[in-house]
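Dropping the structure in here first, questions after.
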2 protein chains.
Amino acid sequence: MPYRFTESVPYLLNRAGVAVAERFTRRLEDYDVSLPMYRVLAVLRQTGTHTLGELSAMVSVEMSTLSRLIGTMAKRNLVTRDRPQDNARIVLIDLTDDGREMADKLMPIATHFEDTLVSNLDAAQVETLKALLRQVNQQVEKL
Amino acid sequence: MPYRFTESVPYLLNRAGVAVAERFTRRLEDYDVSLPMYRVLAVLRQTGTHTLGELSAMVSVEMSTLSRLIGTMAKRNLVTRDRPQDNARIVLIDLTDDGREMADKLMPIATHFEDTLVSNLDAAQVETLKALLRQVNQQVEKL
DNA sequence: GCATATTGTTTGCGTTTGCAAATATTTCAT
DNA sequence: ATGAAATATTTGCAAACGCAAACAATATGC
């Protein structure tokens, strides 16, 4: 079988990713939250305090970009950045109460997206999809 | 089961997509070709002439961004833009010989990525993954 | 304990991006 | 045939981005 770009895994991933991101971004407009901001809120809500580096890896946002993003999120009182005195080179980022409130408010949108995206699949298929995506992710290391 | 952001379909899609894109971008550096440029080359190589709008939809790049990108690609003699006299509001974009040559040169990278990404899956799993990604893509309309 | 390497974050800077408005052409209704 | 609506592309502009360099703190080897 010949290689067809539009059926390649990178193409399909990008296509789906961009399409979902566009729609999600539009839905977030009412809340004055960008998609990367939402991702930060969602990760912190799920797993608590993280350093900038950890957060960067988890949300797939370049560290320099994230540094600035966290800056504006801190100004908006969505997150705090703390330099612990026992290790003053790291920055610990955490949700403020406002941040948590915002994250909670956005959850219904997220669950609606999740539900809709897989609404034509059965539970087993959904698990298969996610397992395969995780495997693709692992393979990335080998590139 | 509670909603876990880091296991959601949008998160997994984005994570995989960004990771693959980063690596691909690095691999393209030697050729002075950006990832969006590569995508344009690959689509044109696979399916021939397209209008800007069609191309925009196929490569998931915003039209205004693509307009400028095609501009620089034309300057670099990778593509041509033609306004047909029978319909002067569209722009038909096509590969030049240089563009095709470049596209051909990049194909081995693309196939290497494809092969590596799915190298731990069997043929049936690969088809399942792609079918599921296409289904997710379809569901996006319903968001 | 001191210089050096390593780790973690921020900043400078040019490029890319996306939205909205402007522009151009074609289509449609009357 | 003419004006209004629809379609297709480009441009202005401000925000976001990524790389590389700068900066800061901790860890390591001697």
Side-chain angles (χ1 to χ4, degrees), chain A residues 14 17-41 49-76 78-94, chain B residues 14 17-30 32-40 49-76 78-94:
Chain A
N14 182 250
V18 170
V20 173
E22 274 173 0
R23 313 253 171 171
F24 206 97
T25 297
R26 301 240 150 74
R27 205 64 71 89
L28 288 173
E29 271 168 15
D30 298 339
Y31 303 87
D32 259 304
V33 169
S34 69
L35 180 54
M37 280 181 192
Y38 160 73
R39 289 187 178 130
V40 168
L41 293 175
T49 307
H50 284 291
T51 67
L52 191 73
E54 289 166 352
L55 219 44
S56 169
M58 295 184 79
V59 301
S60 304
V61 170
E62 233 270 322
M63 204 141 54
S64 67
T65 302
L66 187 61
S67 174
R68 284 180 256 247
L69 180 67
I70 294 295
T72 85
M73 291 179 76
K75 262 185 219 148
R76 291 205 207 164
L78 293 168
V79 298
T80 54
R81 12 161 63 153
D82 262 1
R83 272 194 201 270
Q85 70 282 39
D86 65 330
N87 184 353
R89 68 181 165 183
I90 68 175
V91 172
L92 290 176
I93 294 140
D94 205 353
Chain B
N14 182 251
V18 169
V20 173
E22 275 174 358
R23 313 253 171 171
F24 207 96
T25 297
R26 301 235 151 78
R27 204 64 71 89
L28 289 173
E29 272 168 15
D30 298 340
D32 259 304
V33 169
S34 70
L35 181 54
M37 281 181 190
Y38 160 73
R39 289 187 177 129
V40 168
T49 306
H50 284 291
T51 66
L52 191 74
E54 290 166 351
L55 220 44
S56 168
M58 295 184 79
V59 302
S60 304
V61 169
E62 233 270 323
M63 204 138 56
S64 67
T65 302
L66 187 61
S67 174
R68 283 180 259 247
L69 180 67
I70 295 295
T72 85
M73 290 179 78
K75 262 185 218 148
R76 291 205 207 166
L78 293 169
V79 298
T80 55
R81 10 160 66 153
D82 263 2
R83 271 192 203 270
Q85 69 281 41
D86 65 329
N87 185 352
R89 69 181 163 181
I90 67 174
V91 171
L92 290 176
I93 294 141
D94 205 352

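Bear in mind that the values here come from a model prediction, so they are computed numbers and not experimental data. Below, chain A is the first sequence line, B the second, and so on; all start at residue 1.
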Sugar-phosphate only, base, or nothing, as touched by A:Ser34 at under 4.0 Å among non-hydrogen atoms: nothing
Can you give the donor-acceptor pairs under 3.5 Å from side chains of residues 49-59 of chain B to other protein atoms, not counting sequence neighbours?
| residue | atom | partner | partner atom | Å |
| --- | --- | --- | --- | --- |
| B:Thr49 | OG1 | B:Asp94 | OD2 | 2.9 |
| B:His50 | ND1 | B:Glu54 | OE1 | 2.9 |
| B:His50 | NE2 | B:Thr47 | OG1 | 2.7 |
| B:Thr51 | OG1 | B:Glu54 | N | 3.2 |
| B:Glu54 | OE1 | B:Thr51 | N | 3.0 |
| B:Ser56 | OG | B:Val61 | O | 2.6 |

DNA chain C-proximal residues of residues 58-74 of chain A, any heavy atom under 4.0 Å: A:Met63, A:Ser64, A:Ser67, A:Arg68
A:Leu28 and A:Met37: CA distance, side-chain angles, deciding distance, side-chain contact (heavy atoms from CB on, under 4.5 Å) verdict: CA-CA 10 Å; A:Leu28 288 173; A:Met37 280 181 192; over 6 Å; no
Pairing residues for B:Thr80 by the side-chain hydrogen bond (donor to acceptor under 3.5 Å, both in side chains) criterion, not counting sequence neighbours: none
Atom pairs and distances, donor-acceptor, side-chain atoms in residues 66-76 of chain B, under 3.5 Å, two or more places apart:
| residue | atom | partner | partner atom | Å |
| --- | --- | --- | --- | --- |
| B:Thr72 | OG1 | B:Leu69 | O | 3.2 |
| B:Arg76 | NH1 | B:Asp32 | O | 2.5 |

Report, one line per pair, each donor and acceptor closer than 3.5 Å where one atom sits in a side chain of residues 82-93 of chain A; sequence neighbours left out.
| residue | atom | partner | partner atom | Å |
| --- | --- | --- | --- | --- |
| A:Arg83 | NH1 | A:Ala88 | O | 3.2 |
| A:Arg83 | NH1 | A:Arg89 | O | 3.3 |
| A:Asn87 | OD1 | A:Arg89 | N | 3.3 |

Residues touching DNA chain D, which here means a heavy atom under 4.0 Å, drawn from residues 78-92 of chain B: B:Arg81, B:Arg83, B:Arg89, B:Ile90, B:Val91
Five-pair end axes of the helix from C:dG1-D:dC30 to C:dT30-D:dA1 and the angle they enclose, rounded to 10°: 20°
Sequence-distant partners of B:Arg23, side chain to side chain contact (heavy atoms under 4.5 Å, CB included), two or more places apart: A:Val140, A:Glu141, A:Leu143, B:Phe113
Heavy-atom closest contact (A:Phe24 atom, A:Leu35 atom, distance): CD2-CD1, 3.7 Å
Contact nearer the 5' end of DNA chain C, comparing A:Arg26 with B:Met37: B:Met37
Bounds of contact between DNA chain D and chain B, in 5' to 3' order, using a heavy-atom cut-off under 4.0 Å: D:dA6 to D:dC19
All side-chain hydrogen bond (donor to acceptor under 3.5 Å, both in side chains) counterparts of A:Glu22, not counting sequence neighbours: none
